[in-house]
Amino acid sequence: LVTEKMTQTRQGEPMEFVTFEDTSGMYETIFFPTVFRRYGMMLAPNYPYLVRGTVEEEFGAVTLTVRDLRRLERATRTPERTSRFVRSSA
């Protein structure tokens with residue numbers, strides 16, 4: 001976890017924009033209110049995470065809309081590549 005920016009929806013519900021970094025780069029993510037309520041308290045710097053969601057591209061910016069987050073205790077080995085955005089042509 002590199003940066004966090006708390007904000008609110010128009011209805012006043014909390015949500016957050018979070019930047020994660022791994023060995024392949026930096027990734028912008030969005031935690032919408034339902035997901036933020038479920039996982040927001042787990043977010044802390046200096047922990048590895050497994051982040052799952054939907055990759056979206058708008059106006060040339062790629063973000064991951066988070067649907068699931070898991071904090072990893074410790075990596076037993078360093079994977080060749082820890083994350084990857086895959087675009088579907090569908």
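Residues passing the side-chain contact (heavy atoms from CB on, under 4.5 Å) test with Glu4, sequence neighbours excluded: Leu1, Glu16, Val18, Leu43. Val35 is linked by a side-chain contact (heavy atoms from CB on, under 4.5 Å) to Phe31, Tyr39, Val66, counting only residues two or more places apart in sequence or in another chain. By the ring-ring contact (aromatic ring centres under 6.0 Å, His included) test, Phe20 pairs with Tyr49, sequence neighbours left out. For Phe17, the side-chain contact (heavy atoms from CB on, under 4.5 Å) partners are Lys5, Thr7, Met15, Ile30, not counting sequence neighbours. For Arg70, the salt bridge (charged side-chain N to carboxylate O under 4.0 Å, His left out) partners two or more places apart in sequence, or in a different chain, are Asp68.
Linking Ile, Leu, Val, Met, Phe, Trp and Tyr residues whenever their side-chain heavy atoms come within less than 4.5 Å leaves Phe32 and Val62 in two separate clusters.
Residues Leu50 and Arg52 are in side-chain contact: their nearest non-hydrogen atoms beyond the backbone lie under 4.5 Å apart.
Judged by distance alone, with hydrogens and angles left aside, the side-chain atoms of Arg71 form a donor-acceptor pair with the main-chain N or O of Met42 at under 3.5 Å.
Note on residues 37-47: pairs passing salt bridge (charged side-chain N to carboxylate O under 4.0 Å, His left out), not counting sequence neighbours, are Glu13-Arg37.
Atoms CD and OG1, from Glu21 and Thr3 in turn, are 10.0 Å apart once rounded to the nearest 0.5 Å.
When all heavy atoms of Glu73 and Pro48 are compared, the pair lying nearest together is O-CG, 4.5 Å.
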